[in-house]
Amino acid sequence: MSDHQTATVTEQDIAAVKDYLMSLQDRICAELEGLEPNTRFHQDAWDRPNGGGGRTRVIANGDVIEKGGVNFSHVMGDKLPPSATAERPELAGGRFEAMGVSLVIHPKNPMAPTSHANVRLFVVYKEGMAPVWWFGGGFDLTPYYGFDEDCIQWHQMAQQAVEPFGEGYYQRFKSWCDEYFYLKHRGEPRGIGGLFYDDFNEGSFADCFAMMRSVGDAFSQAYLPILSRRKDLPYTEQQRDFQLHRRGRYVEFNLVFDRGTHFGLQSGLGRTESILMSLPPEVRWTYEYQVQPNSPEAKLTEYYLTSRNWLENL
């Protein structure tokens, strides 16, 4: 976050962000349903006594998507939780509102990667201070069986989403993504990365909002072509077993490290079912599970999950 925030925020600004986020949820759900012949999202609208609430949308047991969720939430609280003040202790005790769209898609086919994205706005109100706001967001890809074509396309879309807003933003947010989505206890990245940024308020509110919209809009353009290419590829039971074991890494990250999960659970304002919709429906942990050397399964960690520069040869 910038040391000196000078741009102001109005009620109209916040309303515009909320309108965009709700429309983004609608669009992404419709686009994903376009790949599912028989399954649709189920909506669960929820409210909080203080005026907050959200729309949880989950799709399950589809021909393409085994489980997916695309959630919108807008919550308010009288006291920031510890996860939100770790980097800004001077804001402790302030009122806040947070809104965003968060999604996770777990395809059925192990050849198709899991994907995650979110975009969000946070505003803090504390007596004696002007409202403090920041944006965050990004998207990342978690393959089980990698394809160079998919990785390159994913990062091309990431670059195109943010580079118009600041020279070097892609490399900065890619590096941040690589560092953030890292399982320290495993010593490995969660996936092939993408974009991640948080506590962002560089420039005007309008400029920051425009970049958030660009990231949100780029997700479908990045992910749907990959899912379309991989959803019908043949696979074996052994490959399905590998997918379920690798999903365990996803669960470990979300429960141990993910800031959004911690915020939702610590604040008491989120909805637990909605927060945990990101977890896959089936997962396996086998004691001392190992893959065969020089196998496609070994190539995942040895080649694909290595924080490489996928655009260096373009």
Side-chain angles (χ1 to χ4, degrees), residues 28-41 58-70 103-117 139-158 181 188-194 218-251 253-254 277-286 289-308 310-311 313-314:
I28 291 175
C29 288
E31 290 163 341
L32 289 168
E33 286 179 343
L35 297 179
E36 281 287 3
N38 302 306
T39 310
R40 295 293 177 263
F41 278 90
V58 174
I59 192 168
N61 302 316
D63 296 325
V64 176
I65 302 172
E66 189 169 4
K67 183 185 176 187
V70 183
L103 68 91
V104 178
I105 305 299
H106 293 288
K108 182 177 180 179
N109 192 319
M111 299 298 153
T114 286
S115 64
H116 159 262
F139 48 70
D140 61 286
L141 197 70
T142 304
Y144 306 100
Y145 291 89
F147 298 88
D148 285 16
E149 174 188 6
D150 297 349
C151 300
I152 292 169
Q153 177 193 309
W154 184 257
H155 279 277
Q156 283 178 319
M157 293 307 305
F181 291 105
E188 65 184 40
R190 187 174 81 173
I192 64 152
F219 169 77
S220 294
Q221 301 172 51
Y223 184 59
L224 264 63
I226 295 172
L227 184 57
S228 297
R229 283 196 295 268
R230 309 304 169 198
K231 65 184 179 66
D232 297 319
L233 293 181
Y235 63 90
T236 66
E237 285 302 313
Q238 184 270 335
Q239 290 168 331
R240 169 67 171 173
D241 180 73
F242 179 66
Q243 177 196 42
L244 297 185
H245 279 92
R246 291 302 307 181
R247 280 178 174 177
R249 303 289 207 266
Y250 206 92
V251 173
F253 182 88
N254 277 27
M277 68 85 195
S278 63
L279 303 183
E282 291 189 45
V283 62
R284 288 179 188 159
W285 285 274
T286 300
Y289 176 78
Q290 300 289 331
V291 300
Q292 292 295 319
N294 303 314
S295 65
E297 291 75 24
K299 188 176 181 180
L300 177 69
T301 51
E302 294 172 0
Y303 174 75
Y304 285 99
L305 307 188
T306 56
S307 300
R308 65 179 57 247
W310 288 102
L311 304 183
N313 296 320
L314 299 182

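Between the CD1 atom of Ile226 and the SG atom of Cys151 there is a distance of 7.5 Å, given to the nearest 0.5 Å. With values rounded to the nearest 0.5 angstrom, Gln239 atom CD is found 8.5 Å from Asn109 atom CG. Within the model, atoms CZ of Arg190 and CG of Asn254 stand 5.5 Å from one another, a figure rounded to the nearest 0.5 Å. Taken to the nearest 0.5 Å, the CD atom of Glu31 stands 12.0 Å off from the CG atom of Leu227. For the atom pair NE2 (His106) and CD (Gln243), the distance works out to 9.5 Å, reported to the nearest 0.5 Å. Summarising the geometry, atom NZ belonging to Lys67 is positioned 11.5 Å from atom OG1 belonging to Thr114; distances are rounded to the nearest 0.5 Å.
Using a 4.5 Å heavy-atom cutoff, the side chains of Ser220 and Met157 are not in contact. At a threshold of 4.5 Å between non-hydrogen side-chain atoms, the residues Leu305 and Ile192 count as touching. Leu233 places none of its side-chain heavy atoms less than 4.5 Å from the side chain of Tyr145. With a 4.5 Å cut-off on side-chain heavy atoms, Asp148 and Tyr303 count as touching. Looking at heavy atoms from C-beta onward, Glu297 lies out of side-chain contact with His245 at the 4.5 angstrom threshold. Within the 4.5 Å cutoff, no side-chain heavy atoms of Ile59 are placed close to those of Leu32.
At distances below 3.5 Å, not a single donor-acceptor pair connects side-chain atoms of Arg284 with backbone N or O atoms of Asp241. Listed for the Glu36 side chain is a donor-acceptor partner under 3.5 Å among the backbone atoms of Asp63.
Remark: aromatic rings of Phe147 and Trp154 are distant, center separation not under 6.0 Å. A ring-centre distance under 6.0 Å is not found for Phe242 and Tyr144.
Considering only residues two or more places apart in sequence or on other chains, Tyr235 meets the side-chain hydrogen bond (donor to acceptor under 3.5 Å, both in side chains) condition with none of them. For Gln153, the side-chain hydrogen bond (donor to acceptor under 3.5 Å, both in side chains) partners two or more places apart in sequence, or in a different chain, are Arg229. Taking the side-chain hydrogen bond (donor to acceptor under 3.5 Å, both in side chains) definition, one finds that Thr306 meets it with Arg308, sequence neighbours left out.
Nearest heavy atom pair, residue Ser115 against residue Phe219, reads OG-CZ, 3.6 Å. The nearest pair of heavy atoms linking Pro280 to Arg247 is CB-CD, 3.6 Å. Pairing each heavy atom of Ile152 with each of Trp310, the nearest pair is CG1-O, 3.6 Å. For the pair Ser228 and Leu35, the tightest heavy-atom approach, listed with the atom from each and the gap, is OG-CD2, 3.5 Å. Taking every heavy atom of both residues into account, Phe139 and Ala117 meet most closely at CB-CB, 3.6 Å. Taking each heavy atom of Tyr223 and Pro107 in turn, the nearest pair found is OH-CG, 3.2 Å.
Counted within 6.0 Å of NZ on Lys231, heavy atoms from surrounding residues, nucleotides or ligands total more than 12; the atom is thus considered enclosed.
Between the side chains of Thr142 and His116, no donor-acceptor pair of N or O atoms lies under 3.5 Å. No hydrogens or angles considered: nothing links the side chains of Tyr304 and Asp150 as a donor-acceptor pair under 3.5 Å.
Salt bridge Glu188/Arg246: present, at least one basic N to carboxylate O contact under 4.0 Å.
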